[in-house]
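Some notes on the structure that comes next.
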Amino acid sequence: MSANSVVDGTVTWQSPSNIALVKYWGKHGRQLPSNPSISFTLCKAYTETEINFNFKEGRSENKYQFLFEGKENKTFGAKVKKFISSISDELPFLKNTDLIINSQNSFPHSSGIASSASSMSALVLCLLDIRNKITGTETIDLEKASHLSRLGSGSASRSVYGPLAIWGSNDAIKRADDTYAIPFDECDEIFRTFHDDILIVSASEKAVSSRAGHALMENNPYALNRFEQAHKHLAEIILALKSGDLEKFGEITEKEAFTLHALMMASTPPYMLMEPNTIEVINQIQNFRKEKNVPVYFTLDAGPNVHMLYPDKYSSEIEKLKESLVSLCAHGRIIEDIVGSGPTRLK
Ligand code: PMV
């Protein structure tokens, strides 16, 4: 790196959340997935991160400040600091750079939407942008961004690209890798128009974190079958995405959601993150689909909230379903998102 002696400035990135269709559940080593996954990149649920930086060659000690929504946040700050030190072997300039990090989410804090994918990817994109400013480089290396985001949160590796991203080596897409995600855009146009209405059944903190959930897969008696099934589902959903086969897409997506939660219920100790209203929402979506012949499907994250997925051209029909689902949501909250094209550099 041919570095100037002092470089300072501000970088700002907006990076979205994503929702997995084939789920990553179980990991090993340094954040390596036990099976491949694929996700829709979202658009309206994002983190915006701004970093003021001051790089000085030979600095012996650097300072960090972390602000969340404009206010100093020591808990988040400690996590960010730990993450940044864990990647400073790959980004050595960090040891010589003071950072003031200011982050905010487009969705309310504790709204039941996990912010780790959007926040980690936004942070990493800012850090790579700072590296570019120090070295006088223009283009962001997205593969590197995905790789470093993965070290912060596995699913964050997929937020770097839209409309879909695949993470984890598999036979269907040979260039896919365990250490970073790759974009998948060979899908039929209909999938680019998909909505993801996030029905917030509960915004309370989860009883079992994703980190603990991944760890419980180590002794889950169904783990090996599950990992095999994920490979099969990925190959099948890729074909469905390419050919525009909505029915097959929905069949796999819903089976993946049920499987994720079945794995939780089959862990030792077993646990359940679905709430009664999760099941009621799922029943209503499935009944509406059958009765009205509308391609509307659901998926779940590691929590009680339901993601309702459907192509844009059915939006007006879905309004009626939403009217009935809103009473099952905490404070009537539905976050209306759509498939997006990935992060953007601001300013
Ligand atoms: O990225 P993590 O460690 O928060 O794990 C995410 C796990 C799921 O959201 C349940 C599935 C996925 O692939 O995103």
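Counting starts at 1 for both ligands and their atoms, following the listed order. Basis for what follows: all heavy atoms, side chains included, without hydrogens, waters or symmetry-related copies.
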Just need the protein heavy atom nearest to [atom], so name the residue and atom and give the distance.
{"atom": "atom 3 (O) of ligand 1", "result": "H214 NE2, 3.2 Å"}
{"atom": "atom 1 (O) of ligand 1", "result": "S155 OG, 2.7 Å"}
{"atom": "atom 10 (C) of ligand 1", "result": "D301 OD1, 3.6 Å"}
{"atom": "atom 11 (C) of ligand 1", "result": "Y24 O, 3.4 Å"}

Near G154, which atoms of ligand 1 are under 4.0 Å from a heavy atom of that residue?
->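 The list of qualifying atoms is 1 (O).
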
What atoms in ligand 1 come closer than 4.0 Å to a heavy atom of A20?
->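 Near A20, meaning under 4.0 Å from one of its heavy atoms, ligand 1 has 12 (C), 13 (O), 14 (O).
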
Going by distance alone, is a donor N or O of one side chain under 3.5 Å from an acceptor N or O of the other, for S17 and S118?
-> no

Judged by modelled atom types alone, do T49 and S103 share a side-chain donor-acceptor pair under 3.5 Å?
-> yes

Would you please classify the geometry between the F194 ring and the F249 ring as parallel, tilted or perpendicular, with 30° and 60° separating the classes?
->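 Aromatic pair F249/F194 classed perpendicular.
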
Polar-atom distance check: W25 versus ligand 1, any N or O pair below 3.5 Å?
-> no

Within residues 336-346 or reaching into it, pairs that qualify as side chain to side chain donor-acceptor pair (under 3.5 Å) - sequence neighbours excluded = D129-R345, K322-E336

Kindly state whether the ring of F288 and the ring of Y310 have centres lying under 6.0 angstrom apart.
->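 Centroid separation for F288 and Y310: 6.0 Å or greater.
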
Could you tell me which residues satisfy ring pair (Phe, Tyr, Trp, His ring centres under 6.0 Å) with F258, sequence neighbours excluded, listed by chain and number?
-> F298

Of the side chain and backbone of R158, name the one, both, or neither that has a heavy atom under 4.0 Å from an atom of ligand 1.
-> side chain

